[in-house]
Number of protein chains: 2
Amino acid sequence: MDLNERAKKVLQAVIDNYIQTGAPVGSAVLARSYDFSLSSATLRNIMADLEELGYLTHPHTSAGRVPTDKGYRYYIDALISVEHDTAGISRQMEQAAVLQSGEIGQLMEEASHFLAKLSHHTGVVVAPAEPEGRYKHIEFVRLRGNQVLIIFVTNTGAVLNKLVEMDETVPQHELNAFSSYLDEELEQHSLSEVRQRLVERLREEKAGFFRLLEQTHRASQEVRERDSDKVYIGGASQIFDSPEFADIEKMRSLFRAFEDRYKLVKLLDKTSAAEGIKVFIGSENPFFEMQGCSLVVGNYQAGNVVGTLGVIGPVRMQYRQVIQVVDYTSRLLSRILDERLKKGIER
Amino acid sequence: MDLNERAKKVLQAVIDNYIQTGAPVGSAVLARSYDFSLSSATLRNIMADLEELGYLTHPHTSAGRVPTDKGYRYYIDALISVEHDTAGISRQMEQAAVLQSGEIGQLMEEASHFLAKLSHHTGVVVAPAEPEGRYKHIEFVRLRGNQVLIIFVTNTGAVLNKLVEMDETVPQHELNAFSSYLDEELEQHSLSEVRQRLVERLREEKAGFFRLLEQTHRASQEVRERDSDKVYIGGASQIFDSPEFADIEKMRSLFRAFEDRYKLVKLLDKTSAAEGIKVFIGSENPFFEMQGCSLVVGNYQAGNVVGTLGVIGPVRMQYRQVIQVVDYTSRLLSRILDERLKKGIER
DNA sequence: CTTAGCACTCAAACTTTGTGAGTGCTAAGA
DNA sequence: TCTTAGCACTCACAAAGTTTGAGTGCTAAG
């Protein structure tokens, strides 16, 4: 909070050095490597102060200093405002960025690997809660007497489907008629509007298509739940390269966490309320205590569809770089999705 | 090969014990725990013989015996023929087996977790190269001037789709006409037959639908490649519970292997030519050297659609149990798929 | 052919010792 | 009042030494 200029610089130097080397930073190294024109003894005093204020700690009496979570927090808050250079590194990313898969799931998968590759940690992408695009067409295919397959198509080419069992046999031509009816009724509405409209129609409709309408409505909801919030994890094995996870127990709990996709979604969703890139350091982590993990999260969006993506790594990570990577990737993904959307909207 | 009865029993006992405890088996333990009515000295002699023949080894001079891959091989070959009891354990499985997801991808995902849970190792399921079911319906949806979404539906409710860009604008009513034409032409054929027929039509057809037919054919192939051979991995973190993978390097290479899905498919496919359950022990492993891993693989099938599934774990695994689990799961999955197929076929 | 006995081996666990990076404190200098 | 040299002290880590005990191979007697 109220640190004088000199103390700030020392803190920054300690953290920089620690992030680089991973070893506790001693006063001598500090005096040598950075030109404070101060002796190690003075630096020792300053570091002692910083420790008192809670920004640094001691692993043990005669070791160098290590940043606390609070220290990292300060470091990053001071940092983020400064950094917005997207020139050099960004170009390198541009080259690596060949995200052009047609299928949306595959695109997200690739994005997660992209994050992992550039950040050297684990990349996570959560698919949007709502598929992109607007209602374009519905199709009912009768399979067996009572089985009907309901297929929703959006103008961006997303296809959602659900198999339902009807109480009674409905002939195909009736299904077709109903499909045409809905096509007119729902055209160009977003999927959440579609669900709403279906409810309204359900209230009005007395007979005839009632059962079918009901099933369609239910399908529209289930399909949404099933296809949304999918999690794509890329480069989980990067964890092995972080010496802080050398401890088997830590590693195990992390991998367990990765397998529990549901919790992961919750975690990321919870963190991603606001705009821009956010960083969660160690214990700040809002959900389960991911041992010594930091989280860099961002959003991507196209139209009113919003998804989350981020990087999970050790507290000691190269925040500058990782923040840039997440930032870049979120923009990239937004752009790609936006293009798909636009293509679909011109009709 | 030509072991006398006594030697066989000793070998079996050594391996049993080693699988249980994980520690090298000494002659004293053997004499105590199993009633050979032989002294430890005699057992030592027998074990020395078995070592000479390559079934056992020494980690170092003064340690107990450990089975070699060859030893395991012998053990399993002698074992598999014997075991076919599906009574006791199977019932327990039956209870745990609540695989009833509607969506096929989800079903496979669940199956992989089922395998992992019961075997206490990592479960793997490879989706069939060809989706189940027979051609039922095709739908063309025009999105934008030249963009057309092609949707295949099978009689089991599988939905495959591909977005294509046409050279010229095709009005929706023409698309509908073409769809009706194909529906008559292709009804009830398997998807591989469909592809073949499309090629034939391509040869004959001179004008009109030619471009559309071409695109449809291409889509039918791409869709197949994209949706097939997906790999579902369940319980990768079980690896942490095997002390043999305590070595970080081993663990890393395993997780890397899991991330490289393509290689995994190759591996499993290569092993699954024949019927029944197969076991690959350590170095027998036909593809990359998965460090100290054994592989228990089986097939599942419905109609002429065949997929592979299996368990990956340390060489020291409870083969009896794992074999049963794989066997059971493959039957279970076959049955579920078969039912889906039948439901679809009665039209 | 089996077995008791015995010397020998060697990994793993524990202990000991040395080393050095780093600290905190004090007192002198600017 | 702030800075700095000096010095005693601390403590993780590594290397070397020590102990322990499970287990072997061999031999000679039953």
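Chain A is the first sequence line, chain B the second, and so forth, proteins listed ahead of strands; every chain is numbered from 1.
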(request) Look at all strands and tell whether S40(B) reaches a base, only sugar-phosphate, or nothing, counting heavy atoms closer than 4.0 Å. (result) nothing
Between [X] and [N], does any side-chain N or O lie under 4.0 Å from OP1 or OP2?
| X | N | result |
| --- | --- | --- |
| R6(B) | dT2(C) | yes |
| R65(A) | dT23(C) | yes |
| T61(A) | dC9(D) | no |

(request) Take the angle between the ring planes of F255(B) and F240(B) and call it parallel below 30°, perpendicular above 60°, tilted in between. (result) tilted
Is any NZ, NE, NH1 or NH2 atom of the basic residue among [X] and [Y] found under 4.0 Å from an Asp or Glu carboxylate oxygen of the other?
| X | Y | value |
| --- | --- | --- |
| D260(A) | K266(A) | no |
| R73(B) | D77(B) | yes |
| R256(A) | E259(A) | no |

Atom pair distance, as rounded to whole Å: [atom1] in [X] and [atom2] in [N]:
| X | N | atom1 | atom2 | value |
| --- | --- | --- | --- | --- |
| H60(B) | dG25(D) | NE2 | C1' | 15 Å |
| L56(B) | dG23(D) | CG | C1' | 14 Å |
| L30(B) | dT24(D) | CG | C1' | 14 Å |
| L50(B) | dG25(D) | CG | P | 12 Å |
| R32(B) | dA22(D) | CZ | P | 9 Å |
| I46(B) | dG25(D) | CD1 | C1' | 15 Å |
| L43(B) | dT2(C) | CG | C1' | 11 Å |
| D49(A) | dG24(C) | CG | P | 10 Å |

(request) Using heavy atoms to find the nearest nucleotide of DNA chain D for N45(A) and A28(B) separately, return the residue whose nucleotide is more 5′. (result) N45(A)
Consider the side chain of [X], meaning its heavy atoms from C-beta on, and name the nucleotide among [options] that approaches it most closely.
| X | options | result |
| --- | --- | --- |
| H58(B) | dG24(C), dG25(D), dT4(D) | dG25(D) |
| R44(B) | dG5(C), dA22(D), dA21(C) | dG5(C) |
| V29(A) | dT9(C), dG22(C), dG6(D) | dG22(C) |

(request) Can you tell me the pairing partner of dA5(D) across any strand shown, Watson-Crick or G-U wobble, with both distances under 3.5 angstrom? (result) dT26(C)
(request) Provide the Watson-Crick or G-U wobble partner of dA15(D), both distances under 3.5 Å; none if there is no partner. (result) dT16(C)
(message) Tell me which one of L264(B), I239(B), V296(B) satisfies side chain to side chain contact (heavy atoms under 4.5 Å, CB included) with I312(B).
(response) L264(B)
(message) Using heavy-atom distances to pick each residue's nearest nucleotide on DNA chain C, tell me which of M47(A) and S37(B) is more 5'.
(response) S37(B)
(message) Quick check: any donor-acceptor pair below 3.5 Å linking the side-chain of T42(B) to the base of dT2(C)?
(response) no
(request) May I ask you to verify whether the side chain of S39(B) and the base of dT3(C) hold a donor-acceptor pair under 3.5 Å? (result) no
(message) For a quick test of reading the model, state the closest non-hydrogen atom pair linking G298(B) to I277(B) and the distance between them.
(response) CA-CD1, 4.0 Å
